[in-house]
Each structure stands twice: as structure tokens, then as C-alpha cells.
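What follows is a short report on a single structure.
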There are 2 protein chains.
Amino acid sequence: MSKPESTDGGQRTRRNRGSLSAQEIINGAFEVAEGISLDKLSMPELARHLGVGVTSIYWYFRKKEELLNAMTDVAVERFVRAMPPLTPGETWQRALRVHFAAQREFYGAHATMADLMLIRTSTYSRDATRRVFELEEALLAILIGQGFTPDNALHVYNAISVYTRGNIIHDRILRLSDTPTLDTRSRRLSDWRSMPILAALTAKYPLAGTSDEDYAFGVGRLLCGFEILLAEQPEAV
Amino acid sequence: MSKPESTDGGQRTRRNRGSLSAQEIINGAFEVAEGISLDKLSMPELARHLGVGVTSIYWYFRKKEELLNAMTDVAVERFVRAMPPLTPGETWQRALRVHFAAQREFYGAHATMADLMLIRTSTYSRDATRRVFELEEALLAILIGQGFTPDNALHVYNAISVYTRGNIIHDRILRLSDTPTLDTRSRRLSDWRSMPILAALTAKYPLAGTSDEDYAFGVGRLLCGFEILLAEQPEAV
DNA sequence: ACCTGAACACCGTTCAAGT
DNA sequence: ACCTGAACACCGTTCAAGT
């Protein structure tokens with residue numbers, strides 16, 4: 001306190017007015033979350049990382065939740081930017097495939113974003129909500145433009161969306177708990193004799209069901225089911 | 001069951017030796033979790049509920065995580081019991097439909113179980129793992145018995161499993177955060193003009209995509225896709 | 001062998017200041 | 001207007017006992 005201090009010894013000098021900002025806090029929060037994990041992100045830890053007193057953060061965000069919501073907004077922004085544009089004239093199958101594959105890839109590469117947007121589901125701001133809805137609207141337009149009724153288009157979108165999120169979330173949760181590998185899983189069972197089918201498949205596949213291959217299979221079956229639905233619909237006026 | 005305790009004054013008499021048990025603690029933990037929510041279940045809160053000192057719990061469970069794992073085991077036990085038996089000779093479509101509908105219903109009715117088994121994914125004991133695998137084995141046997149290759153049977157199982165879990169988890173997460181109803185969602189957008197499709201659908205459906213109707217649709221499309229897959233498979237030897 | 005409170009490190013948050 | 005530490009209530013966990 002007495003003198004402006006050099007950085008040695010764990011002492012921290014008082015920050016000047018205006019030297020901190022909401023943006024800097026948010027950025028720091030992402031750094032900490034990516035270094036540890038979102039649910040281990042704490043206010044003291046973040047303050048240490050930023051080199052400020054804990055309570056300084058509270059001037060910009062009155063609750064931790066407010067900070068998390070601000071982070072979510074940034075996450076949505078990046079998410080929307082990471083989605084590939086819809087190329088005009090492409091088939092609905094390709095549009096769905098590409099969009100949701102990009103979504104899965106984004107969350108796979110950015111675990112913190114998945115934790116923020118999928119597992120925590122903090123409230124989105126109006127702007128973030130709007131951006132996400134615009135994406136959905138564009139996909140629905142493609143589906144309807146190629147023959148789906150609006151109701152079916154929504155159901156199609158929801159089905160593949162829930163499947164994709166299920167894949168991502170389930171995978172993420174497995175990773176957050178202590179990553180039970182196939183080895184530990186199979187070791188856990190003393191006796192595979194009563195389960196010949198799983199015993200054989202276990203050697204070949206991880207059992208989580210969230211691999212790239214699994215995802216491709218699921219999407220393939222869904223698209224197949226959607227095609228039949230489209231064919232069975234009454235013809236367009 | 002007998003709770004000999006005075007709720008008055010906050011005073012607590014010393015419990016006799018043997019008056020507490022792992023089972024009683026687990027039961028109490030479920031009661032607290034169901035009363036509040038799993039992630040608000042704390043050791044002090046649980047001790048208060050049981051009328052014991054906090055540290056007494058630590059004689060039976062050396063970490064909170066140990067307690068949660070024990071709870072998970074009980075949950076798996078109840079889950080397996082809640083699954084309907086496979087009636088002999090039933091079609092694979094019906095077997096999948098009934099099994100996963102029961103799964104969804106179970107978690108829908110027992111939020112704490114969903115939090116324990118799906119969101120937290122604490123490590124299962126050998127016995128719990130075995131019980132779950134036996135269920136999966138039985139379903140795979142039905143699929144293979146009616147013509148699916150073992151590989152396809154596993155993929156089919158994984159696809160519908162991930163979709164079902166996605167539906168349950170997404171719904172649960174929405175409920176855990178402050179339940180954004182359709183009203184608040186639509187109110188959040190000042191301007192629906194650029195999104196005519198969603199504007200119209202919003203009036204008709206909740207946008208979460210996890211309703212009974214959504215689930216039935218998704219399962220229907222998956223089963224449809226599975227049927228095509230089965231038809232396209234090389235005929236059985 | 002079982003149950004206990006005191007005590008510690010950590011967290012989110014409030015408050016009454018300092019500059 | 002911005003940044004600060006002291007302080008509080010709460011949590012998970014350890015320890016050195018009591019019975």
C-alpha cells in the first residue's frame with residue numbers, strides 16, 4: 001500500500017482508474033475457464049489472473065451470473081460467426097448436414113462455449129437470441145422452400161438439433177467426469193460371458209456412442225427418415 | 001425412518017452409536033435433493049436434515065463425491081427396475097420405442113435421477129454398469145435377431161439413445177435455468193418481422209424442441225431411417 | 001466403532017471506505 | 001467514477017478428540 005510496488009513477492013499495486021474494463025474481465029474469464037474449466041472459474045481466481053482485487057470485478061458485474069451471461073453473449077457471437085453461410089440453391093440435406101456438423105465441430109473445439117451455451121444455458125441477451133433465431137429461420141426457409149410444410153420443417157430442425165446437442169453434451173459430460181476409457185470400463189466388468197454381443201462390440205467401438213462415426217450414422221438415419229416424410233407429404237399446391 | 005429429533009431451538013442431542021447408517025444418509029440425500037436440487041445438496045444441509053453433525057457423514061463417506069456415487073448406484077438400480085420387460089416376439093421397432101419412451105418417462109418423473117445419471121455421470125459401480133449393459137445387450141439381441149448386423153445394431157442403439165438423452169438433458173437444463181417460457185422468449189425479441197416463419201411457428205409450438213410431440217417425431221424419423229437401413233442390408237445368410 | 005465441534009481453506013457477495 | 005481490503009455467510013474437509 002505504501003509505495004508503488006514492483007511485481008515481486010505477490011504484492012499488487014493499486015490499479016489506476018480506467019485500467020480495468022468489462023471486456024478485459026470477460027477475456028480474462030475465458031482464459032481462466034479454458035485453462036481450468038468453466039465450473040472451476042471462481043471470482044478470486046479470476047481476480048488473481050487479472051491482477052486486481054476480487055471486489056473490483058463486482059463494480060462491472062454485480063453477480064457472477066451477470067459475468068457468465070456476458071460471456072455467453074460473446075460465445076453466441078463467435079458461434080454464429082463460425083457457422084458456414086448457406087450457399088444458394090443447395091439441397092436441404094446438405095444444408096442440415098453442413099450446419100449441424102459445423103455446430104458439433106465448434107463445440108468440440110471450444111469446450112468452454114459448450115459448457116456456457118449448452119450445459120449452463122444461461123439466459124441469452126435479446127441480441128444473441130435474435131442471431132440464433134436468424135440462423136434457424138434461414139434453415140427453416142430452405143426446408144420449406146424445398147417442400148416441407150412449416151410444421152414439419154420445425155420438427156425436422158428440432159430433431160436434428162436435439163440429436164446433435166445430445167451428442168455434444170453427452171460427449172462433454174463424459175470428458176468432464178474422469179474420462180472412463182474403454183479399458184477401465186471393460187475392466188470394471190468381471191464377467192462378459194452373459195453378454196456376448198457387447199463383449200464382441202466392445203473390442204471394436206468405444207461404447208459412448210458419440211464418435212464421429214456414430215454422429216454420421218445418426219444424422220444419416222435422420223435425413224433418411226426426413227426424406228421419407230417429405231415423400232409422404234401431400235404434394236405442394 | 002424414526003426421526004427422534006426436536007426441531008426446536010436448534011439444539012441437537014448426541015446420536016447413539018449405530019443410529020446412523022450409509023443407507024439412511026443416502027435416503028436423506030435424496031430427500032434433500034428432491035426438495036431443493038442436486039447441485040444445491042450440501043453436506044451441512046444434509047446433516048441438518050438428518051439431525052446429525054456434519055462430520056458424522058464423513059465417517060460413512062469420505063468425500064461428497066463418494067456419497068454421490070452411492071446415490072448414483074441406487075438411481076441405476078431404480079432405473080433398471082423401472083424399465084419394462086421385453087415381451088418375447090415383439091418387433092424391434094416396438095422394443096426400441098417402448099424402452100426409450102420408458103427411459104424418458106423415468107427421467108422426466110425423477111429429475112434428481114436425471115441429474116445424477118445423465119448430467120453428472122458419476123462413475124458407475126461394477127454392478128450398476130453390469131445392469132445397464134445387460135439391458136443394452138437384450139435390446140441388441142432383438143435387433144440382431146431380426147436381421148441387423150451387430151455393427152448396425154450398435155449404431156442404431158447409440159443413435160436413439162443419444163437422441164433420447166439429448167431430449168431429456170436439454171429439457172432438464174432448460175428447467176434448471178430459470179425456465180424461459182415462450183412468453184419471455186418472444187417478448188425478448190423486439191422485432192419478428194425479418195423472421196416470418198419462426199414468428200408464425202412460435203405462436204403454435206414451444207421452441208425448445210423437447211416436447212412429447214417433438215420426441216415422438218424424432219423417434220419416428222429415426223425408426224424410419226433404421227427400417228431403410230435394414231432393407232438395404234445384404235440379406236441374412 | 002461411531003459421533004462430535006473446532007478449525008481451515010475456499011467461495012460469492014456486501015460494505016464502508018480510499019483515491 | 002473507479003478500485004480496495006475487511007468482513008460475512010456458506011461450503012467441503014481434516015483433526016483431535018469425546019463416548
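Lettering follows sequence order; numbering is per chain, from 1. Reckoned from all heavy atoms, side chains included, excluding hydrogens, waters and symmetry mates.
- Contact check, B/Tyr58 against D/dC15: no side-chain N or O comes under 4.0 Å of OP1 or OP2.
- The local environment of CD in B/Glu105 is sparse, with at most 12 non-hydrogen atoms from other residues, nucleotides or ligands closer than 6.0 Å.
- The side chain of B/Arg14 has C/dT4 as its nearest neighbour among D/dC3, C/dT4, D/dG12.
- The CZ atom of A/Arg48 sits 11 Å away from the P atom of C/dG12 (whole-angstrom rounding).
- Between the CD1 atom of A/Ile57 and the C1' atom of C/dT14 there is a distance of 15 Å, rounded to whole Å.
- The partner of C/dA1 is D/dT19, by the rule that a Watson-Crick or G-U pair needs both atom distances under 3.5 Å.
- There is a side-chain donor-acceptor pair under 3.5 Å between A/Tyr215 and A/Thr164.
- Across the protein-nucleic acid pair, A/Ile25 atom CD1 and D/dC2 atom P stand 12 Å apart, rounded to whole Å.
- Across the protein-nucleic acid pair, A/Leu67 atom CG and C/dT13 atom P stand 10 Å apart, rounded to whole Å.
- At a threshold of 4.0 angstrom between heavy atoms, the contacts of A/Ser56 include nucleobase atoms, whether or not backbone atoms are also involved.
- Between A/Leu50 atom CG and D/dC3 atom P there is a gap of 11 Å when expressed in whole angstrom units.
- Counting to the nearest Å, the P atom of C/dG5 and the CZ atom of B/Arg15 are 12 Å from each other.
- Comparing D/dC3, C/dG12, C/dC3 by their closest approach to the side chain of A/Met43 singles out C/dG12.
- Contacts of B/Arg17 with the nucleic acid, taken as non-hydrogen atoms under 4.0 Å apart, include base atoms.
- Among the heavy atoms of the strands lying under 4.0 Å from B/Thr55 is at least one base atom, whether or not backbone atoms are also near.
- Distance A/Trp59 CH2 to C/dG18 C1': 16 Å, rounded to the nearest Å.
- Atom NZ of A/Lys64 and atom P of C/dT14 are 14 Å apart (whole Å).
- Side-chain nitrogen and oxygen atoms of B/Ser19 include at least one within less than 4.0 Å of the OP1 or OP2 phosphate oxygen of C/dC3.
- In this entry D/dC8 has C/dG12 as its Watson-Crick or G-U wobble partner, both defining distances falling under 3.5 Å.
- Listed nucleotides: D/dC11, D/dT4, D/dT13. Nearest to the side chain of B/Val54: D/dT13.
- Side chains of B/Asp115 and B/Thr112: a donor-acceptor N/O pair is absent below 3.5 angstrom, by distance only.
- A salt bridge is absent between B/Glu31 and B/Arg48; no separation between the charged side-chain nitrogens and carboxylate oxygens falls under 4.0 Å.
- Looking at heavy-atom distances under 4.0 Å, B/Phe61 makes no contact with the nucleic acid at all.
- Contact check for A/Tyr157 versus A/Phe100: side-chain heavy atoms found under the 4.5 Å cut-off.
- Mapping A/Arg62 and A/Lys40 onto DNA chain C by nearest heavy atom places A/Lys40 at the nucleotide closer to the 5' end.
- Here A/His110 and A/Phe79 keep their ring centres 6.0 angstrom or further from each other.
- Between A/Lys63 and the phosphate of C/dT14, there is a side-chain N or O to OP1/OP2 separation shorter than 4.0 Å.
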